[in-house]
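Below you'll find the structure, written out as structure tokens, and then a few comments.
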Amino acid sequence: MDDTLSYPPIDPINFDLIIVGTGLPESILASAASAAGKTVLHLDPNPFYGAHFSSLPLQDLAAFLQSQSPSPPPSSAPSDGNLTAVELTTRRMYSDVEITSHSPEPLEHSRQFNLDLAGPRVLFCADSAVDLMLKSGTSQYMEFKSVDASFVCGGDGKLVTVPDSRSAIFKDTSLGLAEKTRLSSFFKLVEGHLKSDDERKISAEDLESPFVAFLSKMRLPPKIQWIILYALAMADYDQSDTDVCKDVLKTRDGINRLALYHSSVGRFSNALGALIYPIYGQGELPQGFCRRAAVKGCLYVLRMPVNALLLDKFSGSYKGVKVASGQELFSHQMVLGPSFIVPSPLLKSSPDSLQDVRGKVARGICITKTSVKPGVSNCLVIYPPKSLYPEQVTSVRVLQIGSSLAGCPSGMFVLYLSALCDDANQGKKSLHAAVNAIFSIPISGTPDHGSTDESENTQVKPTLLWSALYIQEMTTCSFESISSTPMPDGSLNYNDILDATKELFHKMFPDEEFFPETTFSEPEDGELDESPNGESLDS
Amino acid sequence: MHGRPRKAPTPQEEKALALKASKLRPLQSQFLQFHHNKTYTKEALEVCAKLLEANPEYLTAWNYRKIAVEHILSHSETETETDPESIKSIFSEELRITERALASNYKSYGAWYHRKWVLRKGHSSIDRELQLLEVFLKKDTRNFHAWNYRRFVAALKNRSDEEELQYTTDMISDNFSNYSAWHSRSVLLSQLLEKKVQGYFPKEKVLTEEYNLVHQALFTDPDDQSGWFYHLWLLDQTVKVESPLLVSTWPPHGSSINVSVNGCLDKSALSPMTSFDLSTGTIPVILYFSEAVEGVNSSTINVESIYDASQDLIWTPLSTNNSGRAQAWLTHLNFLEEKIHFLQANSVKVSAGHSQGITSLNGFHCTHPTEFEFTVYVQPPTPQHADLQCLEMISWGDENFHICETHLKESSPIKFSDQLENNEDNESTAYKCKVETIANEIALFRELLSEANCKIGKLTLARLLMAHDVITSYNKSSDTNKSVHFEEVLELYCDLMNSDPPHSQFYKDEYSLVLLQQLTSNPESLLRHCYHYRDSSSSSIHGYICLRLCNLSISRIGSIKQLLWIQMLDLSHNQLHSIEGLEAMQLLSCLNLSHNQIGTFSALEPLKLLKSLKVLNISYNEIGAHSVDTRRYLCSSPLSHTVGSDWSFSEFAIDGVDVKTYWEAFFIFKDLKLTQLDIIANVVAEEKFKVFLLKLMPTLKWIDDVELQ
């Protein structure tokens, strides 16, 4: 970090907005503010873009997870003139990090991995994030590929294909004929409702009822309810157990989620299903927005820790930041990434408490050489509540990414796992159960012979080579004299994060439009690298 | 591509179109000039190509190109330009032009046809064709031009049917809402089944797999009709009996017929159902087949009788078209020979199917040997009553119809000719498979209808239930197995009529056929509709047995095979718009069609084949009310140059009437010898028309209940 001192001084020193951290919400804000003509300084203490949303090589990821230790308690050092420098502290965002290596192979290829910190995450083709990327012109910096298939763990522990479209229902071999009719007529019901045809609208009363009750009312058998709730509407909590369900999905929301899924299938002619994933990982998204911001004049400085905030002694408001190089930079608006603790300028008590804790999410990254489903490279697997063990309260979602998406060396697969949890124990239990269900784990000392006495007719499970399991805190946005952006949430896509970011932008710049409509005929268009197998978004 | 409403062009679009047209016009006249002068120069061909690129629908230009290519090829010989390379380049240029035309409109008939023409010449490589098709089928997966062309290319390339079948499988699993793919599949499977290709035999196994495939589509989206069409094809493959069968005859097998030559039958002593006044001195013999056939003649039908007239018998098709093909065939046995002994049993034996020659439209032969026998008793003539009886007026009032006496029922000679159909081996695995398949389908679609309200599902269930009844009715051995679904089917059609008004006429017709099938399904139910006709105001004991099918809301007639014996038929107060099929009822002498919806004389065309018809009531119909007759083209007319029809209008000329306006009526009535006609309450029935009819049919004694002098 000493090299920060050798940085040339930042010029100018006054900005409309200073953002610390290059996570996705911060990058979108930088891009949006630049597009609105604001002068923006975007800093990140890390040597890479994306912060908690980045994709990293294997060793860097492990280091990042473990390095996030809290900084020493703040001590305000007096500063000259009217401003006091209030030292900035960070909080620990990752706990219970558990890294296990069963084979040296992944580590040998560490640089060939682009592992998502906030996985599993995908984009629905009809996501508002996709719309935003198209609207902002960010899409030209990225390429996407389809997630080939979705599977859901049935009651019997077997993985079945998620029948998510008409042709998928047609091809499905696990559904009975009558079940096919019920499922597709339910899809039609949803479609009819969305077409705002008054006659076919679902009644207001039904829309307010729990989605699970509505599905029962529509006479859908439990198996199909299960698929709709957890594999299409992506419900997190056990919807049929009101004691443990923290988030009962309302019919209105359930229908909206199905609508998102439905309109995603076939939105792009070259995308097979509803879901797409960026080549080189989710870290491409914040990078893309940063690039867009840079084009619009935003100033970027990486590897630049922010040591302190500058507090106006008289007004009690923050006026700028002091960076590691010692330089002071000024702005009336400041945004900090989620791991920074914003010292309250007035009440100097309890600086340790997290603002608005929203629970935790247990995440896992596993590396193997065999696909969970033979012949399928990129796929989503859902383990709904109670499918792994009776006390399982939340869905465990698993995203497998193969080498075609440049996330790992060829011949390997990366599996991202996540589950919402109240505490580390609960989260780890879910993850371990899922890992055990998916993989055979080599027992140390007897490699390769761990599962020889298993009966031969069971499908050979992929062997786990390397895994990292960790518990991530979740925080929300806050808008104050210094705003904070949220941590990656537990959902599969970016919609909630995006909504929060948009709201924050409007609070900060009430008079500005969030990415004004423009046509992109700029020279950057030519830079779009077309790999033969990739897909660029093209609506 | 599909299911998108057509939008009216905006003013800008119209303007652009007008501009395009104005640019094309000089090009077009230039082209026509070349065409007219038979100019086939390079310049001329370029103009043509330009024109086709802008407007691929211009067939004249495509034809010009064909002529031009032929011209260049035939003239190049003299200029020693016949090397294969230059010929190839000429054709490649043609291929290039069709490709560009198709790029601007991939549904251009002319362009596809031209491409086929070029490839048929055999000078071009066909390797690129499938690739090109991929492009077009990606744009629109059910483009039938492309599918059609694909079959053409596959045949040229000798691609196996199995490979092509796999292609349809792939296309269907991509999106099963693809009529063209399902259709192609049915074409390919027919070929594979016919050739009994390895893996496509036995047929039952293949069909079961196909049923399973199409069920996935039907159950996934019951409202998508593409799969239903394929299902209908499968159902047809399952139930169809390939060879035509003799299903019914008159006289029926084992019957005894009493005939008199001059209408002096003692009806009190004999059952009216077996007694006939046949003043012609001949007995009609009717053969009724399961479908229209040809080739019925004295060499294919063997008749043994004491008349020994087999060689001289002439069989006539009972059909209103001139195809020479008919479901019912007629001949007359002459019994007025010297050697006949009155009141003696004269046995007649008729056999069919002993030799090939009777063939259906699809080319299948009637191969199943069938035989029937009947006995004729000829009553001695008793001339004293003759005049009186023929002059009775028939009155259709209810008071004249009496419930048949029990003794009549007991001695009922109505023969059901099911035995003629019973030629299927009930124990064969094919038969069991058939019954099982249909039963399985019925169960499945009952389940589907309990899940979804689906019109075409109901229609299919109705068809399946009827198919089931037909198949099991052949089975004589186990009556317990027989379940009759008439009521359920009728209910389904009623439901469909209400829920799908645009097609209610179709459902009503189907309903009518099923209802008649139900009524004629057994002698008891048929007899419930049989009445004894006896005019209460008359002292005469003369009587017919009348089949009264009144007030049944039927719109068509069917089940003719059970009704060949009918002499008097009352179809009044129904919704008939056609009497198709009635031509087979050759014994019919009194027919009541009043209070129906018959709209034109052409709808009455079957009547002209009913030579024994004496009494006809067509009052209270809609004849003349419809200015447009959509069926007229099917019917003979002065314009249709029918062989043997002489249009001698002149002799019926009436002052001030253009008789030609009545040619349809002329055509129906000219050969009939009606004694009684009721035609009141039809738009056409004006005085002038009645005068015309009287002149046309001098035999008429009553018209609209008025006795004629």
Side-chain angles (χ1 to χ4, degrees), chain A residues 146 148-149 160-192 195 197 199-200 215-225 227-228 232 258 262 265-274 375-376 535 538, chain B residues 1-5 134-135 137-142 168-178 181-182 185 208-228 230-231 440-454 456-458 460-461:
Chain A
S146 288
D148 306 320
V160 294
T161 313
V162 176
D164 53 5
S165 66
R166 239 166 64 110
S167 61
I169 298 173
F170 172 72
K171 278 183 272 193
D172 194 282
T173 49
S174 62
L175 293 173
L177 287 173
E179 288 175 322
K180 290 190 173 193
T181 311
R182 288 195 195 170
L183 182 56
S184 73
S185 58
F186 181 73
F187 284 172
K188 274 194 199 167
L189 180 89
V190 173
E191 219 177 306
K195 277 186 184 154
D197 183 342
E199 227 175 88
R200 296 195 290 170
L215 296 178
S216 300
K217 190 180 161 186
M218 293 293 119
R219 301 188 306 125
L220 291 168
K223 182 169 138 194
I224 291 179
Q225 290 192 18
I227 290 171
I228 292 176
L232 296 176
L258 288 190
H262 176 79
V265 176
R267 180 179 183 189
F268 301 110
S269 60
N270 46 3
L272 295 169
V376 180
E535 290 155 10
D538 195 1
Chain B
M1 222 63 68
H2 297 280
R4 294 180 200 168
E134 289 297 326
V135 174
L137 282 175
K138 198 166 186 178
K139 275 191 197 165
D140 176 3
T141 52
R142 36 190 208 185
T168 67
T169 312
D170 295 345
M171 291 300 279
I172 287 166
S173 64
D174 254 17
N175 181 4
F176 62 82
S177 180
N178 190 334
W182 288 113
R185 195 173 179 83
T208 305
E209 280 166 19
E210 292 305 302
Y211 274 114
N212 285 342
L213 176 70
V214 78
H215 289 155
Q216 309 305 318
L218 300 184
F219 277 76
T220 301
D221 189 355
D223 294 328
D224 186 283
Q225 301 210 351
S226 55
W228 289 104
Y230 189 67
H231 187 266
N440 183 35
E441 292 299 291
I442 289 171
L444 270 177
F445 289 118
R446 285 211 173 113
E447 188 185 358
L448 176 67
L449 291 178
S450 73
E451 294 293 337
N453 183 18
C454 164
I456 196 156
K458 286 179 186 165
T460 303
L461 180 59

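We name chains A, B, ... by the order of the sequence lines, and we start the count at 1 in each one. Values in this document were obtained by computation on a predicted structure and should not be read as measured data.
- Scanning both residues, T220(B) and K180(A), for their nearest heavy atoms gives OG1-CD, 3.8 Å.
- Annotation: side chain of R182(A) is in contact with side chain of E451(B) (closest heavy-atom distance under 4.5 Å).
- With a 4.5 Å cut-off on non-hydrogen atoms, S450(B) touches chain A through its backbone but not through its side chain.
- Proximity to chain A (any heavy atom under 4.5 Å) is shown, for L218(B), by neither the backbone nor the side chain.
- Only the side chain of E447(B) has a heavy atom closer than 4.5 Å to any heavy atom of chain A.
- The line from CG of L183(A) to CZ of F219(B) is 14.5 Å long, rounded to the nearest 0.5 Å.
- Among all heavy-atom pairs drawn from S173(B) and S167(A), the shortest one is O-CB, 3.6 Å.
- With R166(A) as reference, D221(B) is the one residue of D174(B), D221(B), D223(B) to meet the salt bridge (charged side-chain N to carboxylate O under 4.0 Å, His left out) rule.
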Run the side-chain contact (heavy atoms from CB on, under 4.5 Å) test on L448(B) and T181(A) for me, step by step, so that the C-alpha distance in whole Å, both residues' side-chain angles and the decisive distance to 0.1 Å come before the verdict. CA-CA 8 Å; L448(B) 176 67; T181(A) 311; 3.6 Å; yes

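- With a 6.0 Å radius and a threshold of 12 heavy atoms from other residues, nucleotides or ligands, H262(A) has its NE2 atom at or below the threshold.
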